[in-house]
Amino acid sequence: MKVIYTDSLVIGGGLAGLRVAIASTQRGYDTIVLSLMPAKRSHSAAAQGGMQASLGASIKGEGDNEEVHFEDTVKGSDWGCDQDVARMFVNTAPKAIRQLTAWGVPWSRVKKGDRQVVINGKKVTITEKKDCHGLITSRDFGGTKKWRTCFTSDGTGHTMLYAMDNKAIELGIQVHERKEAIALIHEDGVCSGAVVRDLVTGELIAYVAKATTIATGGYGRLYAVTTNAVISEGIGSAIALETGIATLGNMEAVQFHPTAIVPVGILTTEGCRGDGGLLLDKDGYRFMPDYEPDKKELASRDVVSRRMTEHMRKGKGVSSRYGDHLWLDITLLGEKHINKNLREVKEICEYFLGIDPVKDFIPVRPTQHYSMGGIRTKPTGESPTLKGLFSAGEGACWDMHGFNRLGGNSVAETVVAGMIVGEFVADHCAKTTLNINTKLIEKFVKREERKLVKLLNRDTGENPFKLKKEMQEIMMDKVGIFRNQADLEKAVEELKVLNQRAKNIAIRNRISSSNPELVEAIRVPKMIKLAQCVAYGAMLRTESRGAHAREDFPERNDRDWLKRTITSWPSEDMDLPEVSYEALDIMKMEMPPGSRGYGVDNTIHHPDTEKRVAQINEIKKANPDADRFEIQELLNPIDIPEKFKGKNERIGRGFK
Ligand SMILES: Cc1cc2nc3c(=O)[nH]c(=O)nc-3n(C[C@H](O)[C@H](O)[C@H](O)COP(=O)(O)OP(=O)(O)OC[C@H]3O[C@@H](n4cnc5c(N)ncnc54)[C@H](O)[C@@H]3O)c2cc1C
């Protein structure tokens, strides 16, 4: 039995995982990162649009600060987020972006003087200030009040991930590629590493560590059509669930992005609409202002996706042999702008659609895109139920996104959570001695070995590819943008049957090394369990909040549903997850529930909302001279690691 010991084990080599690894390494702890493929190929590289941080250097970002970013994030989440976490996040994001600059990310910059932009379908001239020339610029993205999304053309994730990976290389961090964590090692509520399968040799290796961080990204591939990479199958979340102790949060919170190309589901960035692109129907009519007169194409993603679906249901979609779609028109931005700022979009259109977006409209429709749910953690990033297990990035439910994450807030989360959680991981390493009996390690490795032997020796049974396809269709048809009780009940029942069938998978290729069929056979039962968490959570949540839209319960119900869904899987024999709820305390909120300012406001209010609003007003009145930092401290002090506590400096305003 091969055992590898380290202080900090990080499962996942995307932006979040690498940033956690950098933090624990910089604090002097031996760190190993595991990845399914070379870290630079992680899904983070696909992010096109940008990263939110309130720098306020571009003229359209003038006046931006942590408060405005906080407000946008909480409203975007439809009050489903943890406001302590959102606050930690907005305060740290400017530091994160500046650090990335020092590590080599070539952010697009402010250019002094006049420039033409498209706002609300019209060409407008804006004038960038001379003093801001050369500072990091920002684009309109994520339905935010101020232009806050920093970018490197439309290859932001690519440049961020390369800079991050280069930093990891510079620090000598070991990345063990083509290794898949398939189970966690744990005893008495403490996690001490993972059982890992070498995807090339098939060997099982135990990685034993003081702290284990899961940063394995989203679970988009539970759906038939998604913008996510083929590796986004949620296996990290599933192995946490399979401990029976760690929990998942808000798995039903799944985001659909309005503009993926038809039929393959590759994303065209929200930057297209942020930069002035329009959505048109089969008659070439711009329909979004009819539904959302204020934010139009730039309302939050859940809202735009629903409006598009509604409009297509009215027969206004363009028919195609792949189903109905709508048009994204970026022709009005002009060739120069597209070639410079939306270059990847142009290439995607040329290579995958055979069209030129400088001249042609792009066929788009809403498609699964982002997983707000994931491994439930405390604000420190640690599982509240399994000590020593941490999680960060899209794979986590740290929970700054609630029921809808804003465009540009996700790559920002990966880096900021990586910084913050990384510090808590290092603190954990500092106070923990590794005290593990080799018998325990053996128990977990042998258990996985037995499962593999059984799988390789079964002569007849279910085909894992077929099971996966069936699961993906169920999720697409019944747990999509609009949901209702009857469909969700069917989905829950059908997934239960798939779960049973998945216990009897048989494969044709019986070798244990380099075997994609075996990989599928290991993953599919785990994916089905995750799909069950999503569908069951969606069925039980009888309200509409953010991206979770129930046709039969259209109201956001703060009175009964201001709570986070927590799922666990305490025993292998169960065929449904166990569900409990974590209440969100309004009396601690800096921003009590209110209207998002877009979409329909049909909230059923919570009795504490008015009480908290009155209390906040009193606090403000009693402290008339307090600045925004002091008010925030009075309303809800947060526990941020010491090194990120400093104020953020902005051009023209200093530290105010
Ligand atoms: C097309 C697209 C465009 C996007 N654009 C933007 C944008 O413009 N702005 C924005 O803010 N967000 C954007 N997002 C979202 C954002 O890119 C992701 O949420 C974020 O990059 C996820 O990073 P991560 O580090 O959590 O995970 P990932 O980058 O997905 O990395 C996951 C890592 O885990 C590893 N892994 C997975 N399972 C295992 C296992 N079992 N064992 C070992 N290793 C494992 C993988 O090898 C990989 O290294 C976009 C998403 C998509 C799909």
Side-chain angles (χ1 to χ4, degrees), residues 9-20 33-53 93 139 141-142 149-152 154-158 160-161 164-165 175-184 194-197 199 207 213-221 226-240 255 257 259-261 265-271 274 301 344-345 348 367-372 374 391-396 398 401 405-418 519 522-523 526:
L9 173 67
V10 180
I11 306 173
L15 278 169
L18 288 174
R19 188 61 188 83
V20 170
V33 177
L34 304 176
S35 178
L36 300 177
M37 68 278 165
K40 282 190 172 79
R41 302 283 320 257
S42 295
H43 194 39
S44 294
Q48 297 167 354
M51 164 168 171
Q52 282 206 40
R139 61 166 38 137
F141 200 85
T149 299
C150 309
F151 58 97
T152 48
D154 58 355
T156 312
H158 190 113
M160 287 172 71
L161 186 63
M164 192 72 86
D165 195 42
V175 179
H176 294 191
E177 301 171 4
R178 297 186 170 85
K179 302 275 189 295
E180 177 164 14
I182 56 169
L184 290 176
V195 180
V196 174
R197 187 170 170 273
L199 291 167
Y207 282 75
T213 305
I214 297 186
T216 47
Y219 45 88
R221 287 275 156 181
T226 169
T227 61
N228 285 195
V230 288
I231 58 136
S232 303
E233 301 195 312
I235 303 307
S237 304
I239 61 173
Q255 179 175 84
H257 194 292
T259 58
I261 64 171
I266 299 173
L267 183 82
T268 58
T269 172
E270 186 174 312
R301 288 178 182 175
E344 275 194 21
V345 172
I348 286 167
T367 300
Q368 194 289 337
H369 180 61
Y370 185 79
S371 312
M372 273 81 73
S391 184
E394 192 173 342
W398 193 31
H401 303 303
R405 73 104 178 160
L406 292 184
N409 256 356
S410 174
V411 287
E413 180 196 12
T414 60
V415 183
V416 170
V519 170
I522 295 168
R523 289 183 190 170
K526 298 185 190 314

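Just so you know, ligand 1 is whichever comes first in the structure, and atom 1 is the first atom listed for that ligand. Numbering of residues begins at 1 and proceeds along the displayed sequence. Keep in mind it's a predicted model, so treat the numbers as computed, not measured.
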Under 4.0 Å between heavy atoms, the region of E413 that gets near ligand 1 turns out to be neither
Could you grab the distance from atom NE2 of H43 to atom CD1 of I231, nearest 0.5 Å is fine? 7.0 Å
Please check whether V411 reaches ligand 1 - meaning an N/O of the residue sits under 3.5 Å from an N/O of the ligand, judged on distance alone. yes
So which atom in G393 and which in A417 form the shortest heavy-atom distance, rounded to 0.1 Å? N-CB, 4.4 Å
Using a 4.0 Å cutoff against the non-hydrogen atoms of G393, which atoms of ligand 1 qualify? 26 (O)
Atom 21 (O) of ligand 1 sits nearest the protein heavy atom S44 OG, 2.9 Å
Report the distance from atom CD of E413 to atom CG of L406, rounding to the nearest 0.5 Å. 12.0 Å
Distance check, rounded to the nearest 0.5 Å: K179 atom NZ versus S35 atom OG? 10.5 Å
Within the structure, is a non-hydrogen atom of A46 found at a distance of less than 4.0 Å from ligand 1? yes
Among protein heavy atoms, which sits nearest to atom 27 (O) of ligand 1, and what does the distance come to when rounded to 0.1 Å? G217 CA, 3.4 Å
Please classify the L267 to ligand 1 contact at 4.0 Å (heavy-atom distances, strictly less than): side chain, backbone, both or neither. side chain
Short N/O distance, under 3.5 Å, between G218 and ligand 1? no
Distance under 4.0 Å to a non-hydrogen atom of I235: what atoms of ligand 1 satisfy this? 41 (N)
Does A39 have a heavy atom less than 4.0 Å from any atom of ligand 1? no
What about G50: any of its N or O atoms under 3.5 Å from an N or O on ligand 1? yes
If I compare all heavy atoms of L18 with all of A39, which pair ends up nearest, and what's the gap? CD1-CB, 4.3 Å
I'd like to know if the side chain of E270 and the backbone of G407 have a donor-acceptor N/O pair within less than 3.5 Å. no
Would you check if the side chain of T227 reaches a backbone N or O of G265 as a donor-acceptor pair within less than 3.5 Å? no
Looking at atom 30 (O) of ligand 1, what's its closest protein heavy atom, distance included? H43 CB, 3.2 Å
When you measure from atom 18 (C) of ligand 1 to every protein heavy atom, which one gives the shortest distance, and what is it? E394 OE1, 3.2 Å
Per-atom contacts of ligand 1 with E180, taking only distances under 4.0 Å to non-hydrogen atoms: 41 (N), 42 (N)
Is the shortest distance from a heavy atom of L34 to ligand 1 less than 4.0 Å? yes
Counting each atom of ligand 1 from 1 as listed, which ones have a heavy atom of Q48 under 4.0 Å away? 5 (N), 8 (O)
Separation between OG1 (T216) and CD1 (I239), nearest 0.5 Å, reads 7.0 Å
For A16, the ligand 1 atoms whose distance to one of its heavy atoms is below 4.0 Å: 25 (O)
Would you say T156 contacts ligand 1, with heavy atoms under 4.0 Å as the rule? no
Given the rule in the side chain to side chain contact (heavy atoms under 4.5 Å, CB included) test, do T226 and S232 qualify, once you have shown the distances and angles that lead to the verdict? CA-CA 10 Å; T226 169; S232 303; over 6 Å; no
Pairing of E180 and R523 as salt bridge, 4.0 angstrom limit: yes
For N228, atoms of ligand 1 separated by under 4.0 Å from a heavy atom: 53 (C)
Report yes or no: does M51 have a heavy atom closer than 4.0 Å to ligand 1? no
So for G408, does at least one of its heavy atoms come nearer than 4.0 angstrom to any atom of ligand 1? yes
Location of contacts on I239 toward ligand 1, heavy atoms closer than 4.0 Å: neither
Quick one: are T152 and H158 in side-chain contact, heavy atoms under 4.5 Å? no
Relative to ligand 1, is K179 under 4.0 angstrom through side chain, backbone, both or neither, heavy atoms considered? backbone
Proximity to ligand 1 by part of T227, non-hydrogen separation under 4.0 Å: both
Which ligand 1 atoms does G14 reach within 4.0 Å, using its non-hydrogen atoms? 25 (O), 29 (O), 31 (O), 33 (C), 49 (O)
Return the residue, atom name and 0.1 Å-rounded distance of the protein heavy atom closest to atom 16 (C) of ligand 1. S410 OG, 3.5 Å
For R139 and G49, indicate whether the former's side chain and the latter's backbone hold a donor-acceptor pair under 3.5 Å. yes
Check whether any N or O atom of S232, backbone or side chain, sits under 3.5 Å from an N or O atom of ligand 1, and answer yes or no. no
Please check this pair: side chain of S44 against backbone of L15, looking for a donor-acceptor N/O pair closer than 3.5 Å. yes
Using a plain distance cutoff, I'd like to know if G13 has any nitrogen or oxygen under 3.5 Å from a nitrogen or oxygen of ligand 1. yes
Residue, atom name and distance, where the atom is the protein heavy atom closest to atom 34 (O) of ligand 1: G12 CA, 3.2 Å
Proximal ligand 1 atoms for A215, defined as those under 4.0 Å from one of its heavy atoms: 32 (C), 33 (C), 34 (O)
Atom CG in N228, atom CD in Q368: separation rounded to 0.5 Å? 5.0 Å
Carefully, step by step, assess S42 and M37 under the rule side chain to side chain contact (heavy atoms under 4.5 Å, CB included). CA-CA 7 Å; S42 295; M37 68 278 165; 4.0 Å; yes
Inter-residue atom distance I266.CD1 - T259.OG1, 0.5 Å rounding: 12.5 Å
What residue and heavy atom of the protein are closest to atom 15 (C) of ligand 1, and at what distance? R405 NH2, 3.4 Å
Given that the side chain starts at C-beta and the backbone is N, CA, C, O, which of these parts of T216 lies under 4.0 Å from ligand 1, counting heavy atoms, or is it both or neither? both
Using distance alone, decide if ligand 1 has a nitrogen or oxygen within less than 3.5 Å of any nitrogen or oxygen in L36. yes
Using the rule side chain to side chain donor-acceptor pair (under 3.5 Å), only one of H401, R405, Q255, R301 pairs with Y370; which is it? H401
Pairs of nitrogen or oxygen atoms closer than 3.5 Å, one from T414 and one from ligand 1: do any exist? no
Under a 3.5 Å distance rule, please check whether K526 uses its side chain to pair with a backbone N or O of E233 as donor and acceptor. no
If you apply the rule side chain to side chain contact (heavy atoms under 4.5 Å, CB included), what do you find for T414 with R19, and how did you get there? CA-CA 8 Å; T414 60; R19 188 61 188 83; over 6 Å; no
Minimum-distance protein heavy atom relative to atom 41 (N) of ligand 1: A181 O, 3.2 Å
Apply the test side chain to side chain contact (heavy atoms under 4.5 Å, CB included) to residues L184 and I11: give CA-CA distance (whole Å), side-chain angles for both, the deciding distance (0.1 Å), then the verdict. CA-CA 11 Å; L184 290 176; I11 306 173; 4.3 Å; yes
